[in-house]
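Since the structure comes first, as structure tokens, the remarks are kept for the end.
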Amino acid sequence: MIGKIGAVVLDTADPVGLARFYSELLGLEILHQDGGWIEIGRPGSRGPVLGFQHAPDHQPPRWPDPNYPQQFHLDIQIDGDIEEAEKQVLALGATKLGDGEGTFRVYADPSGHPFCLCWG
């Protein structure tokens with residue numbers, strides 16, 4: 001092993017808003033904020049953090065349009081009811097992107113990054 005993931009970083013025009021979105025979605029705390037850089041995670045954890053980097057010219061992906069590739073996405077495993085989880089992420093500011101398939105649904109966060117709610 002050469003290394004391990006320290007952070008997964010999303011570029012965004014609104015790092016504060018996007019950090020709040022994922023903080024609420026994932027139950028994580030804001031650990032560090034320095035100008036246009038914010039990290040969320042579990043206090044005291046040695047695991048990777050989710051980072052948000054200010055990118056004033058950020059162009060969001062347009063899933064599934066290959067002319068605007070998604071670049072990466074997060075799979076977020078849920079234990080409960082998908083209908084309830086969907087209501088909650090939409091209330092946080094997510095946008096639904098299609099219907100998904102049998103065990104996942106695709107959404108965009110407030111900056112346009114795709115993510116999936118997965119179950120089963």
Checklist outcome for this item: Separation between OG1 (T12) and CG (L18), nearest 0.5 Å, reads 4.5 Å

Item to check | Residue list, side chain to side chain donor-acceptor pair (under 3.5 Å) with W119, at least two apart or on another chain | outcome: none

Checklist entry - Quick one: do V89 and W63 end up in the same hydrophobic cluster if we chain Ile, Leu, Val, Met, Phe, Trp and Tyr together by side-chain heavy atoms under 4.5 Å apart? => result no

Checklist entry - I38 and V49: same hydrophobic cluster, using ILVMFWY side-chain contacts below 4.5 Å? => result no

Checklist outcome for this item: Sequence neighbours excluded, the answer for side chain to side chain donor-acceptor pair (under 3.5 Å) partners of D57 is none

Checklist entry - Same cluster for I5 and V9 if Ile/Leu/Val/Met/Phe/Trp/Tyr side chains link at under 4.5 Å? => result no

Item to check | salt bridge (charged side-chain N to carboxylate O under 4.0 Å, His left out) pairs, two or more places apart, involving residues 72-89 | outcome: E83-R105, E86-K96, E86-R105

Checklist entry - What closest approach, in Å, do P110 and G93 show between heavy atoms, and which atom pair accounts for it? => result CG-O, 3.8 Å

Checklist entry - Can you list every pair that meets side chain to side chain donor-acceptor pair (under 3.5 Å) and has a residue in residues 37-51, with sequence neighbours left out? => result W37-E39

Item to check | Separation between CG of L97 and CZ of F115, rounded to the nearest 0.5 Å | outcome: 8.5 Å

Next on the checklist: By the side chain to side chain donor-acceptor pair (under 3.5 Å) test, which pairs, at least two apart or in different chains, include something from residues 13-31?
Outcome noted: Y22-D109

Item to check | Linked, directly or transitively: L90 and L74 (ILVMFWY side chains, under 4.5 Å) | outcome: yes

Item to check | Taking every non-hydrogen atom, the tightest pair across S111 and P60 | outcome: O-CB, 3.2 Å

Item to check | Interatomic spacing from CD1 in I78 to CZ in F104 - rounded to 0.5 Å | outcome: 13.0 Å

Checklist outcome for this item: The ring pair (Phe, Tyr, Trp, His ring centres under 6.0 Å) partners of H54 (sequence neighbours excluded) come to none

Checklist entry - Rounded to the nearest 0.5 Å, how far apart are OG1 of T103 and CD of Q77? => result 8.5 Å

Next on the checklist: Which heavy atom of D11 sits nearest to which heavy atom of A55, and what is that distance?
Outcome noted: CB-CB, 3.8 Å

Checklist entry - Between Y107 and A94, which heavy-atom pair has the shortest distance, and what is it? => result CB-CB, 4.4 Å

Next on the checklist: If I take atom CG from residue L25 and atom CD1 from residue I40, how far apart are they, to the nearest 0.5 angstrom?
Outcome noted: 8.5 Å

Checklist entry - Is it true that I76 and V8 fall in one hydrophobic cluster, defined by side-chain heavy atoms closer than 4.5 Å? => result yes

Item to check | For P48 against A7, the heavy-atom pair lying closest together | outcome: CB-N, 4.3 Å

